[in-house]
Structure formats: C-alpha cells, structure tokens
2 protein chains.
Amino acid sequence: MTELTIQASLLEALESEQYDRVSKLLTTLHPSEIADLLESLPARSREILWGLIEPGQEGNVLSHAQDAVRTGLLELMQPEQVADATIGLATDDAADILQDLPDEVIDSVLLSMDAQNRARVSAILSYPEDTAGGLMNIDVVSVRADVPLDVVCRYLRQLGKLPEHTDSLMVVDRQSQYMGTLPLSSVLTMKPDVTVGEIMQTGMAILATTPDHEVARIFAQRDLISAAVVDEQDKLLGRITVDDVVDVIQDSAEQAVMNMAGLGEDDMFAPVLFSARRRAIWLAINLLTAFLASWVIGRFENTIEQLVALAVLMPIVASMGGNAGIQTLTIAVRGLALGQLSKANAPSLLLKEFAVGALNGVIWACVVALIAVIWFGKIALGIVIGVAMIVNLLTAAVAGAVIPMLLKKAGVDPAIASGVLLTAVTDVVGFMTFLGLATIFLMP
Amino acid sequence: MTELTIQASLLEALESEQYDRVSKLLTTLHPSEIADLLESLPARSREILWGLIEPGQEGNVLSHAQDAVRTGLLELMQPEQVADATIGLATDDAADILQDLPDEVIDSVLLSMDAQNRARVSAILSYPEDTAGGLMNIDVVSVRADVPLDVVCRYLRQLGKLPEHTDSLMVVDRQSQYMGTLPLSSVLTMKPDVTVGEIMQTGMAILATTPDHEVARIFAQRDLISAAVVDEQDKLLGRITVDDVVDVIQDSAEQAVMNMAGLGEDDMFAPVLFSARRRAIWLAINLLTAFLASWVIGRFENTIEQLVALAVLMPIVASMGGNAGIQTLTIAVRGLALGQLSKANAPSLLLKEFAVGALNGVIWACVVALIAVIWFGKIALGIVIGVAMIVNLLTAAVAGAVIPMLLKKAGVDPAIASGVLLTAVTDVVGFMTFLGLATIFLMP
C-alpha cells in the first residue's frame, strides 16, 4: 500500500468506527504523516484519532504538528501525560512542545520530568521560541583542539551513538569557549595522528539571541547543515540543525501567504467562533477603507445622478489601480524581506515601477476609453476615463513602492499592512480622479 | 566590519568608480553575498560589478544567484567562460547554471568541458530541472553490504576527501542497485568488525522523476539531510542534499506570494518592457472581470438613476465579499497544496467556512445596514444592503472553498487562477443582489 492509500483506508476505518483497524494502520505511518492526518480532520474525528495513537508515539506526532493543531491536542492532555510524551524526544523538540502550553502548565510538566531532562529543557526555554536559542539542540559532542584524530575515534566508539543529525563535532577550549567545528567526514578521511585543531573549520557560530528568520537566511545563504550556537561570551550552548531551519522557512513562507489575506496562523478546522473572530478584525479594517471609498463617491452624487454611466464604469478605474499597485507592492515587500531594497536603490526601483505604471497605464487607458466610447457613445467620457486610468496606475506604482518602505521605517511589518493601505489609496484616487474629471468636463 | 557595512562601502565605492576598492572588498564577501548584492543593483551597475568579480569566483556566484538574474549575467559570457566558471563546482550546481542557457549554447559549453565533467553534467541535464534527477548530485561514495567497517574506514582514508555535505555513504550491490545508506556517525561509533549490511538504514530512495516539490515535502516531513536518487530499476544515480531542497522550498514559497499578484519570476530590476509585458497579461484578465462587473451594474442604470445612494454603497458589498472570500480561498489553496484537503474532508471544510461566512455576514450586515440608514435616512435601504451583504458573504465562503478544488480537478494550479475567479464571482453576485433587491423593493 502506498502512503496515500493507507491514509484513505485509515479515514474510512475511522468513519466506520473500526478502531482496531485504525490502530493497526497507524503503526505503519511515520509520526509526521500521522500529524498531517490529524491536521486534515475536523475537531471531533481529530480527538478520536488522537485517542488511538500509542502513548509512545504522542511526543513525535506532537513535534511534527503545526502550532495551532498542537495547542488543541495539548489541551486534551494532563501535565504528566505531556511530560511522558516528551521522553525520548530531542531536547529542542521537547522545548517546542512545552512552549505551546500556558505558563502554569509548563511548570507542572517540568516538575514531572526527571532532573536531568528538566535542566536541559529549561536551558532552551530560557530563550524565546523564535530565536537561535529556542531552535537549538543542546545535545552536542564536543572535543578539544589538541587531541589527535585517533583519540577522537576511540572516544566516539565509546559513546556508541551520536545525537541525531550530527554531521560535525564541536571544538571547544577548557572554558567551553567555542573554537570551531570538526566535520565527521574529516575525522574519517584525515590521517589519525593529525590533531583536531589542525583541521577544524573556524566558521562563525550563531549568537543565541539571533532571530529565527535571520538564522534561516544564514543557513540558506551558506548552505549549512548545522551550526554552533554560542552566548555573548562565545561559550558553546548547543547547535542548530538544518531540519529545524526547514521548518522555520516553511512556516514563514506560509505566514507570508496567510498575511496577504489577513489570516493569522489558522487551522483548517479551527472552531467556527475562533476563525470568525480572527477574520472579523481584517474585515473590519477593510470595511473602513470601503466606507472611505463610498464617502468619496458620495461627494459626487449630483454628477452620477446626471450621468449614470459613471457609476457603471467607476469600479474599473479603482480595480485596475488596485491590481497594478499590488504587483509593485509584492516586488517591494519581497525586496525588503530579502534585504535587497534599501535607501540606496529605492529611487531606481521607484523610477522603474513608475515607467512600468506609465506604460501599462497608457495601454489600458486606450483600451478602456475605446470600450467606453463604443458602449456609451460619448467621446468625452472615453477621454475622462482614460486620463483617470493613467493617473491611477501611476499613483498605484508610486504607492506600491513607497508604502512598504514607509511602513518598514515606522516599524510595522509591510507584509501585513501594505495591501489594505494600497487599496485605500487606489480606491480613493481612482474614484476621485474619475468622478472629479467627469464633474469638471462632462457636466453642463 | 560587519557584512552590512562591507556591502554599503562596496556600493559607495562602486558609485564613486573606485573600482580597485570594489575588487578588494569583493574578496571579503561570500559568493552568496555577492549574488545578493548583484540582485539588488539596477542593470548597468550590475554589469560593472560583474566585470570586477574574479573569474575563479564567477561559478560560485552564479550558482547562488536567482534564475532571472543569472540568465542576465550568462548573456554577458562566452561559452568558454561559462565552461571555465563551472570548473570546481558541484555537478548539480554546474548543471543548474547550464539549464539557464539556450540549447545551442549548452552544447558549446559542454564541448568546452573535459570529457569526464561533460559526462557527469550531461547525466544530470538528461532530467528536467524541476525533478529529483535535476536536483541530484552524482558525486556519491558507495560501499558494498558485505564489507566490515574497518575496511570502509581504510577506504575513506584512502579517498582523502568526501563530496561536500556527505553525511552518509550509499550501500549498493554488484549491479549498482541501491540497498540502503550508512550514516558516517555509524561508521565512527560502531565496532570495526560489524559489516555494512548489518547496520545500514534501508530507508526509501527517491525516484529520479519525482517532482521537486514532492522531494521538498519528503525532506521536510522526514527531517532528511540527504537521500539516494534511483532510476526505475532501483539503480543508484546520485543523492540529493538538504541545501538544494532548501532552495526549492524558498523558491516555491516566493512563487506562491508572487502568484497571488499575477507576477511570474520577476527580478526587481528587470527591464521595464519585460516587466510591463509580463504584468499586462494579469491586468488584462482583471480588466475582463472588471468589465463583467460593469456590465452587471449597467443592467440597473434606471434604478441607480432614481436612487444614487446605491452607487455610493455598492462597492462596499462587493469589496467585503471579495475580502471574506480570499480568506476562505487562502485556507483552501493551502490545504490542497499540503495535501490536507481531499474529497473526504471537503464537505466538513465547506460547512465550517459556510458557518464562518454566515456569522461574519450577519455581524457586518448589521453594521453596514445601520450606517446606511443613518447616512441616507432610509430604513428599507439598510435592510436591502444588509441582506445583500449576507448573501454575498455566504457566496464568498462557498466560492472560496469550491473554486480551488474545481481548478485542481481541472488540472489548473489553484494558486494562480483562484483569486481572479473568486473576485469575479463576489463582484457579480454582490452587485446583482444589492442592485436587484433595490430594484424590487425600493423602486416605486
């Protein structure tokens, strides 16, 4: 059976309440596949399936589930159950799970752990979840620089097992100061009498307070598999492996798309009230901009009364401006996020977008003007809508480039707020130019 | 100097034409940082900076640049220069660069390579760029299952160097059939007399024809660092390492955001004509939907003439429907992309979104109705706009959930086409309900 058919049969068994069969099928799936399955289920079925997962698997499944779903599942568990579930997990995964719990519950879970685990998890919990410290794993194998490789080999053989995803050892001095890394491949390929210090890589370490998106950028840019995490005194605290960074990249990418629609982290099957409340805020903001546009239109009631064709055509001017503006905006927001747009090249971008806006403005102005003339038989109306289109597409280009930069300067995330502001600008300018010009030139 | 101040001084030196200083500063940057810098420059300065990069660095910089920028830089180079630049690159990076060249040029570059390199790069080029075969690196170290670890150790020491990012060896039989992987950490920690076959991991290999987004999903789900790539007969072809997968994830995440604005892969400083043409297509499609909405409004010219308040308020109904619909749509598109939305749970999602739409519809309908009554002093107008809002938000919920699923079934990428279709639906339904109800109930 392929992965997909297993999941299909499992859902079928779940629906027909053949729970024995469900349990059996669950054992053939990877914990991450079980997490995916949970995420795709409505709340009630999700709880039933969760109850059928073996306790030994719970921790692994939780660590693969997305935050919103995980929080829901954790609410079904007692602190001791959570503590039991974290046994055997990598320390960073255990800390990840705990970070989704309310503070009081975190303490009870920590108290249910054995002393060694508690100390290790607490070390990570002392850093915010979205920093290098929160991402790191404190299970590291470290060696001294003056040791020859054959001694390293004996030491590793004695250990018998290395932490998951270990691709290199950390080199530290007597004060646990970070000195460099020693790839496992070097240990295997170099001569046994060479010392660690002679062949270690003195690459940079990441400060524990570095934000996670910056960690992701460094990993992606340098093609890293793992990196050392240090404190301000260069003391080795742990290491970050690329699999955790992949999660950060995926989450932030998803977040970017969700932000564009004004959604927070939303779970496909979050409770109706929860989702409705979250989304209501965004709709409220949009309602404000919609009423702003209405108010502008309201200023021209007399004009519209005399020439209803204006009411028919006005959405075109606003909507073309909005769409063209969003294109410029997306380019600018991306440039800012990647650090490629700065004061130095902002004028060049503005100039280019203005030129693109002018070009597309003229082209579509002609098309729309022509259609308006044919439709309503008034050449003057065609000229007015054409000019309004050009003005609005130029405004859209400038606003699309400038709004994200201003927001960033003001400390607001451009990815979230830019779109609403842009639409407000293109709506207001679009309606005002079109109806204003019509009032001046088309009214008797 | 930190990375950022180096880049700032470099840009300054470039502007003041102190090219010696630029060259000197370039040597302190990582190739990926140089690539970032090139991406942030307008076309002319980009060419000047490119001319100042040492030939030995060109290949590394190219392999870190995004496709659009890379294609531009490659146009400045002769085939022999491209061939020289690929010397010393990992085979997959070299193949990546070549894939951006026109077919005739690829052949000349291959001819300028030495025979061994040519054969290696050709092997990768025979697979499309966006498949596992196109991503893979053919530099693998393979061992037989019946060999004891101490022999493996001697063999590795003889090799003297392993390909970059090697975290495990590949285990193959006499016919080069893939059998499993042997993590370097096992080689170092297990007893020397154990054979490879006893401790190898028999994890799955990835078929060379697997699409790259599926490869990314597998890596992210299984927390893989590397994976074997095989052909249909299970013959080992190469391996994929996570750093290449990180690029795939980043690119597809960016693409998702760009798609929402109807942008293809767009370079911040692509030529004006190029950008204008690309975006014009999207604007043309939006113009069609805008005219569709206008046509609907045009059906009600008489009604509007008698009650201009309708023209003032009608954008609100359409815009609230559009915004609410995009929220549902984003959830559905994401669910489809992650494989969490299927026939089995589609009814549950539809039901949930319908409930959220109803709830938000009623709330905002009351708010808008109240404002309309206060503004225009007509209770009947308030009721009409309230009912129209509820109808449109329910329509938006259904359309937002159903459109992506229908598109997917029709083989169209929901991420690209859903938004336009949704707006067309919410505009048409919004204007039609509001103006239609007004014609029936508000006209004498």
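Proteins come first, then strands; the chains are lettered A, B, ... in the order of their sequence lines, and each starts at number 1. Only heavy atoms go into these numbers, but all of them, side chains included; no hydrogens, no water, no symmetry mates.
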Would you mind telling me which of [options] has the largest number of heavy-atom pairs within less than 4.5 Å of chain A?
| options | result |
| --- | --- |
| B:Asp167, B:Val152, B:Ile225 | B:Ile225 |
| B:Ser294, B:Ala290, B:Pro192 | B:Ser294 |
| B:Leu159, B:Asp247, B:Thr289, B:Leu341 | B:Leu341 |

Just so I understand: if I count every heavy-atom pair under 4.5 Å between each of [options] and chain B, which residue has the most?
| options | answer |
| --- | --- |
| A:Arg277, A:Lys161, A:Met320 | A:Met320 |
| A:Leu359, A:Ile316, A:Thr241 | A:Ile316 |
| A:Leu188, A:Ile326, A:Thr330, A:Val356 | A:Leu188 |
| A:His165, A:Gln250, A:Lys191, A:His64 | A:His165 |
| A:Ile249, A:Leu283, A:Leu329 | A:Leu283 |
| A:Pro183, A:Ala284, A:Ser342, A:Cys153 | A:Ala284 |

For residues 295-315 of chain B, run the donor-acceptor check on the side chains, cut-off 3.5 Å, and write out each pair with its distance to 0.1 Å, sequence neighbours left out.
from, atom 1, to, atom 2, distance (Å)
B:Thr303, OG1, B:Thr439, OG1, 2.9
B:Gln306, NE2, B:Asn302, O, 3.4

Tell me, for [X] versus chain B, whether the close heavy atoms (under 4.5 Å) come from the side chain, the backbone, both or neither.
| X | answer |
| --- | --- |
| A:Thr328 | both |
| A:Phe376 | side chain |
| A:Ala293 | neither |
| A:Ser319 | side chain |
| A:Leu11 | side chain |
| A:Ala35 | neither |
| A:Glu15 | neither |
| A:Ile371 | side chain |
| A:Val333 | neither |

task: Specify the closest pair of heavy atoms between B:Gly357 and B:Leu393, including all atoms of both residues, with the distance to one decimal.
output: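 Reported closest heavy-atom pair: O-CB, 4.0 Å.
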- request: Over all heavy atoms of both residues, which pair between B:His30 and B:Ser32 is shortest? Give the atoms and the distance, please.
  value: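 Residues B:His30 and B:Ser32, closest heavy atoms: ND1-OG, 2.7 Å.
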Which portion of [X] sits near chain A, non-hydrogen atoms under 4.5 angstrom:
| X | result |
| --- | --- |
| B:Val272 | both |
| B:Asn360 | side chain |
| B:Gln158 | neither |
| B:Val242 | side chain |

[atom1] of [X] to [atom2] of [Y]: how many Å apart, nearest 0.5 Å?
| X | Y | atom1 | atom2 | result |
| --- | --- | --- | --- | --- |
| B:Ser186 | A:Leu184 | OG | CG | 10.0 Å |
| A:Leu162 | A:Leu169 | CG | CG | 7.0 Å |
| B:Asp243 | A:Asp223 | CG | CG | 4.5 Å |
| A:Ile331 | A:Lys352 | CD1 | NZ | 6.0 Å |
| A:Thr166 | A:Leu156 | OG1 | CG | 9.5 Å |
| A:Met190 | B:Arg157 | CE | CZ | 10.0 Å |

Main-chain N/O of [Y] paired to [X] side chain as donor or acceptor, under 3.5 Å:
| X | Y | value |
| --- | --- | --- |
| B:Gln221 | B:Ile218 | no |
| A:Glu39 | A:Gln66 | yes |
| A:Thr189 | A:Ser185 | yes |

message: Please verify the inter-ring angle class for B:Phe291 with A:Trp375; under 30° counts as parallel, over 60° as perpendicular, anything in between as tilted.
response: tilted
